[in-house]
Amino acid sequence: MAGKPFYLTTTLPYVNAEPHIGFALEIVHADIIARYKRLMGDEVFFNTGTDEHGQKIYQAAQKEGKAVEAYVDHYAQTFEILKQGLDLSYDAFIRTTNPAHVVAAQELWKRCAAAGDIYKKKYKGLYCVGDEAFLRESDLVDGKCPNHPNMAIQEIEEENYFFKLSNYQDKLLQYLSNPEVILPAWRREEAVAFVKQGLEDFSISREKSRMSWGVPVPGDETQVMYVWFDALTNYISTLGWPEDTEGKFKKFWQEGEVVQVAGKDQIRFQSIIWQAMLMSGGVKTTDKVVYHGFITSGGQKMSKSLGNVIEPLGLVKEYGTDAVRYFLARHVPTFEDSDVTLERFKTAYNADLANGLGNLASRIMQLAQTHLDKGARPEVSGFPKEYTEPLEKFEIYKAAEYVWQCIAELDVKITETAPFKLVKSDPEAGKKLIFELTQELYLIGRMLNPFMPATNEAIKKAVIENKKPENLFPRKD
RNA sequence: CGCGGGGUGGAGCAGUAGUAGCUCGUCAGGCUCAUAACCUGAAGGUCGCGGGUGCAAUUCCCGCCCCCGCAACCA
């Protein structure tokens, strides 16, 4: 039943802020897929990490009066807390300041250069001295830097390295002609349309004198890599590329199935630029990139000024890890944008977890504990296709919906068969029925494994030990 | 004519060429094993608007209106 080795990675969040629910969504969805694959018997390598270079991080560190190294260490730790809070099962946490990663980024650079895809060119940009950074035209407010409106924007020219993305137009179109390469399908159309428009070469370095916090460009003391060139390399550096002393790169990247998860704004980076970099460096391209939607809150983007920011660890603290994982799985469809509010979260929690799953476990296990002598684990074979098929297509919410359909059906069954009556009139038949119910509960718990690992364990334990569990999801009023 | 997504009962969403479903909320019953939980039933929608093709369209085609992202060196 087991398939090829499975490689899965999220994008790396930039460490200039606390983790927000958007990233929680990405990593929880990825975690669910990773756990599902393991459940199916596949060997999985699940990667995440932090993107720690770049101007913004350098500035944020200065603002907090910290050394950059100390600053990025602090944030790397925040993400460690997220691992516990969301019960994440990643196998590797790559930090782009990791020396081995730096070496890998430089190696990929060298290979792209050797392929003739890197050249020097003058770059002209709008530079704000206050920010010590280049800005985009669209960043400007009335032609001024929004952070430093009293400083004049300078048009500065510097010499940078460029990557010949334009060389890869045809190869990228060929790559994108494979319908497997992007999920959902309509995002692939978007990528194709973008490539067909014509591709421009990208600047991939900055003058060190202006931007020092980055990976040194091989063979040029005066330049550092522009963050994304370095950051994208993490997907292979985490596997030990290029040395690959442990053979993980070979096993998971070259011979395995390679899947990336990313936000819908990442198409250009993940499915176009990164793929071109891989082609240039002579490395296998990504098999599939899955693009998820964004979370809004109250119909708007989350922002501190609007006060509608939902902080994942805060939700975990109040409702518990599995409740948050559940909500992200079932009520945030994989590919679409979703609106998340505390009210909606609470409604879903009470309806589906407290009244649904939690109550079902209570009523069945109360009967079992009272009337059965001992519990047992059921004979299990596979999983229903209503469950596996959507998960294979990353339609996590559909699989979750199926599980909740089973929960509802079991509630109906209890009402209709009335084991609490039967056990009085015909104890043997009643016991048999109650036992059956515990077995069905067990199977529901088993399907919950990727979504809610701790709940799966709790239900398994309850059935086997024939003991009513502690209130799994207390009602919140 | 920039690209894409979406407009379905009070709210949030599924869905399909042929009696329009789910969750929450509302109303009325039932049950008592359970976390004032669970089950049954009811009210409530001309499936954004206007055309077209079909025996038949919410579902296919065309036009329009509205909302939301994106529009490249921002990870």
Side-chain angles (χ1 to χ4, degrees), chain A residues 11-16 50-57 96 123 125 133-136 138-139 160 162-163 165 184 186-187 189-194 196-206 226-232 234 262-270 272-273 293-294 296 299-301 330-331 333 335-341 343-344 346-348 350-371 397-398 401 404-405 408 410-416 418-423 430 434 437 468 470-477:
Chain A
T11 53
L12 301 193
Y14 213 53
V15 291
N16 58 355
T50 42
D51 182 0
E52 304 185 352
H53 287 125
Q55 184 71 18
K56 284 191 178 165
I57 287 167
T96 59
Y123 170 80
F134 286 94
L135 302 176
R136 290 183 296 166
S138 57
D139 288 333
N160 296 145
F162 275 69
F163 178 76
L165 188 63
W186 76 78
R187 297 255 177 246
E189 315 279 327
E190 229 174 294
V192 169
F194 181 77
K196 280 186 174 163
Q197 268 174 40
L199 298 171
E200 285 175 26
D201 296 347
F202 270 72
S203 150
I204 54 173
S205 75
R206 283 290 127 96
Y226 204 46
V227 262
W228 55 262
F229 190 96
D230 133 46
L232 288 168
N234 91 83
K264 66 177 188 181
D265 60 337
Q266 287 286 312
I267 295 177
R268 281 165 207 170
F269 285 98
Q270 309 302 333
I272 295 174
I273 295 172
F294 287 163
T296 56
Q300 290 171 298
K301 267 189 176 175
R330 168 99 189 272
H331 293 285
F335 307 120
E336 311 284 339
D337 290 352
S338 297
D339 199 63
V340 176
T341 62
E343 289 88 328
R344 249 166 239 159
K346 195 166 136 183
T347 301
N350 280 328
D352 306 334
L353 296 179
N355 299 349
L357 178 60
N359 182 58
L360 179 70
S362 287
R363 61 196 304 211
I364 290 176
M365 290 318 300
Q366 176 65 253
L367 287 166
Q369 184 177 282
T370 310
H371 300 289
Y397 65 102
K398 277 192 187 167
E401 225 163 79
W404 259 261
Q405 193 187 312
L410 205 45
D411 265 328
V412 172
K413 178 171 174 177
I414 295 174
T415 303
E416 286 178 351
F420 40 88
K421 275 184 190 166
L422 187 61
V423 80
I434 291 166
L437 294 173
K468 181 179 174 180
E470 287 303 301
N471 202 336
L472 293 173
F473 302 100
R475 235 191 115 79
K476 301 272 183 186
D477 291 308

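These numbers come from the heavy atoms of this one structure, side chains and all, not from hydrogens, waters or symmetry mates. First the proteins, then the strands, lettered A, B, ... as listed; each starts at 1.
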_ring centroid sep under 5.5 Å plus plane angle under 30, Phe420(A) with C33(B)_ = yes
_Under 3.5 Å donor-acceptor pair, Asn471(A) side-chain atoms to U35(B) base atoms_ = yes
_As a quick check of understanding, evaluate salt bridge (Lys or Arg N to Asp or Glu O under 4.0 Å) for Asp477(A) and Arg475(A), giving each step before the final call._
CA-CA 7 Å; Asp477(A) 291 308; Arg475(A) 235 191 115 79; 3.7 Å; yes
*Integer angstrom distance from the P of C55(B) to that of G21(B)*: 26 Å
_Checking one value: the base orientation of G4(B), syn if chi is within 90 degrees of 0, otherwise anti._
anti
*Indicate whether the side chain of Asn234(A) and that of Thr96(A) have a donor and an acceptor atom separated by less than 3.5 Å.*
no
*Answer with base, sugar-phosphate or nothing: what part of the nucleic acid does Ile267(A) contact at a heavy-atom distance below 4.0 Å?*
nothing
*In Watson-Crick or G-U wobble terms, both distances under 3.5 Å, what is the partner of C60(B)?*
G52(B)
*Taking a pair as Watson-Crick or G-U wobble with both distances under 3.5 Å, which nucleotide is matched to U40(B)?*
A28(B)
_Counterpart base for U46(B), defined by Watson-Crick or G-U wobble contacts under 3.5 Å_ = none
*asked:* Regarding Gln366(A) and Thr370(A), do their side chains bring together a donor and an acceptor under 3.5 Å, going by distance alone?
replied: yes
*Under a 3.5 Å cut-off for both distances, is C3(B) Watson-Crick or wobble paired, and to whom?*
G69(B)
*Taking atom P in both A43(B) and C22(B), what distance in whole Å separates the two?*
13 Å
*Of Phe229(A), Phe163(A), Trp228(A), which meets ring pair (Phe, Tyr, Trp, His ring centres under 6.0 Å) against Phe202(A)?*
Trp228(A)
*Within the structure shown, what part of the strands sits under 4.0 Å from Leu360(A) by heavy-atom distance: base, sugar-phosphate, or nothing?*
nothing
_Judged by each residue's nearest nucleotide on RNA chain B, which is more toward the 5′ side, Arg187(A) or Asp411(A)?_
Arg187(A)
